[in-house]
Amino acid sequence: MTAVDARPETSAGPRPESAPGLRFPTGFRWGTATAAYQIEGAHAEDGRTPSIWDTFSRTAGKVRNGDTGDIAADHLHRMPDDVALMKDLGVTDYRFSISWPRVQPTGRGPAAERGLDFYRRLVDELLDAGIRPVATLYHWDLPQELEDAGGWPERDTAHRFAEYAGLAADALGDRVATWTTLNEPWCAAFLGYGNGVHAPGRTSDLAALRAAHHLNLAHGAGAAVLRGRLPSSAEISLTLNLHALRPLADTEADRDAVRRIDAVANRIFLDPVFHGRLPADLVADTAAVTDWAFVRDGDLEVTSAPIDSLGVNYYAPSVVSAGASPSPSPWAGAERHVAFTPADGPRTAMDWPVDANGLHELLTRLRDELPSLPLLVTENGAAYDDYADPSGQVHDPERVAYLDAHLTAVHRAIADGADVRGYFVWSLLDNFEWSYGYSKRFGIVHVDFATQRRTRKDSARWYASVIARGGLEHP
Ligand code: FCB
């Protein structure tokens with residue numbers, strides 16, 4: 001594989017090949033995903049300064065059990081072994097995130113070479129292993145200094161992000177082919193500043209809406225910087241956690257509740273990024289919160305800089321009805337109009353329903369709305385209460401069933417014309433699951449956090465066999 005070879009072709013998407021079993025298109029990207037704060041540890045090494053997650057996790061009552069990412073899966077020190085593990089599984093792509101406070105401490109000024117060196121080594125190790133690096137610039141670890149200066153509700157944070165994007169591109173752009181600006185800006189804006197369950201833990205509808213706009217601006221400004229500094233073959237992307245929404249009842253009131261959440265959770269990103277506009281109904285729904293004067297002339301041209309693919313993260317759908325949501329809420333402007341009902345059926349350890357149809361719905365929606373845009377499923381997976389049995393095995397049949405069902409849905413979406421180029425399991429390793437700390441295990445590889453011992457779960461062996469076969473066994 002050449003170092004920079006991932007720019008997707010813009011022609012109609014590849015088609016799945018025929019039986020036996022469910023075969024994926026040749027060249028389909030089989031990946032695993034992680035994020036810096038969730039696995040790296042080494043929180044005070046190489047001049048790294050605290051991020052909002054260091055601060056938040058040290059704030060009493062914010063993270064289960066008082067867990068922090070100080071050590072996490074100790075990946076910074078065990079990276080070569082973790083890459084070797086991925087090589088052994090046969091993955092073609094690895095989606096990781098770069099820690100902003102590690103490569104640009106405090107979020108301003110020159111790059112920290114020692115911090116960048118870790119990512120240089122990681123990328124070299126991946127390329128040597130034949131694994132394509134997929135780098136995410138922002139997976140929620142804002143330098144605390146930038147939060148102290150106002151954080152995402154302030155416009156300057158978007159400019160700071162674009163500068164940081166340039167530093168990372170200069171250091172790694174010759175060897176990283178795929179770049180993702182942001183991971184799940186919905187969570188960063190609405191969980192971080194709306195209901196406060198994520199860092200920095202603020203609870204303000206206005207702050208959340210301002211943050212969403214400035215994240216869109218950061219994405220567009222960052223994408224423009226990347227485009228200017230990376231080889232023309234580079235793939236520039238964005239990852240959204242689009243919400244798959246169903247009305248509780250087929251009534252006008254419940255359909256309108258779906259419309260409201262679609263506006264404040266999906267179209268608030270899709271419209272500025274792909275159409276250079278704000279959703280008119282969102283502006284109307286949020287009129288009591290803001291007049292959106294923080295969106296300045298020219299901003300929506302910046303946010304809609306062309307990109308090469310869209311990453312979709314999917315875990316579970318939501319059932320929505322007319323009603324009211326508890327306060328504080330992440331649904332700015334919609335909280336007094338919308339209620340959520342737990343879906344029936346099996347659940348994961350997160351209490352999230354298992355329903356692969358939602359992934360098919362999202363991918364076919366994007367096929368219709370953004371027909372020429374290649375798609376990647378950049379996260380999908382499930383937490384279960386895994387443990388090593390006395391013989392050291394970790395059996396996780398529910399995760400295998402979950403992944404199988406969701407890959408089947410991806411295959412069906414491709415057969416239905418969605419241009420899906422790859423799939424990344426969340427996650428390679430058990431890790432720091434944000435406000436749940438280490439209590440939720442999403443890895444296909446088990447981590448004993450006392451010893452840092454890695455043990456492949458049955459799902460890792462299953463995923464390796466899927467990759468080797470290029471698809472699923474069943475018809
Ligand atoms: C996503 C995050 C990821 C992980 C999974 C379970 O929202 O991007 O870091 O926590 O959920």
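Nothing fancy with the numbering, it's 1 onward along the sequence. Reckoned from all heavy atoms, side chains included, excluding hydrogens, waters and symmetry mates. Please read these numbers as outputs of a predicted model, since none were measured by experiment. Both counts, for ligands and for their atoms, begin at 1 and track the order of listing.
- Atom 5 (C) of ligand 1 has as its closest protein heavy atom Tyr315 OH, 3.3 Å.
- The contact set between ligand 1 and His139, taken as ligand atoms under 4.0 Å from a residue heavy atom, comprises 2 (C), 3 (C), 8 (O), 9 (O).
- Between the choices Met350, Lys440, His198, Glu379, the shortest heavy-atom distance to atom 1 (C) of ligand 1 belongs to Glu379.
- A ring-ring contact (aromatic ring centres under 6.0 Å, His included) with Trp434 holds for exactly one of Trp140, Phe56, Phe442; it is Trp140.
- No salt bridge links Arg121 with Asp117; every basic N to acidic carboxylate O contact stays at or beyond 4.0 Å.
- Looking at Glu184 next to ligand 1, an N or O pair under 3.5 Å apart turns up.
- Remark: Arg453 CZ is loosely packed, at most 12 non-hydrogen atoms of other residues, nucleotides or ligands lying under 6.0 Å away.
- Between Arg48 and the choices Asp70, Asp141, Asp54, the salt bridge (charged side-chain N to carboxylate O under 4.0 Å, His left out) rule is met once, by Asp54.
- Each of the atoms 2 (C), 7 (O), 8 (O) of ligand 1 lies under 4.0 Å from some heavy atom of Trp140.
- At under 3.5 Å, a nitrogen or oxygen of Trp434, whether backbone or side chain, sits near a nitrogen or oxygen of ligand 1.
- Each of the following atoms of ligand 1 lies closer than 4.0 Å to a heavy atom of Phe442: 6 (C).
- Those atoms of ligand 1 that come under 4.0 Å of a heavy atom in Glu433, given as number and element, are 4 (C), 6 (C), 10 (O).
- A donor-acceptor pair under 3.5 Å links the side-chain atoms of Asp430 to the main chain of Gly443, judged by distance alone.
- Heavy-atom contacts from other residues, nucleotides or ligands closer than 6.0 Å to CD1 of Ile71 number 12 or fewer.
- Proximity of Asn183 to ligand 1, defined as any heavy-atom pair under 4.0 Å, is confined to the side chain (atoms from C-beta onward).
- Annotation: side chain to side chain contact (heavy atoms under 4.5 Å, CB included) contacts of Ala162 (sequence neighbours excluded): Ala221, Val225.
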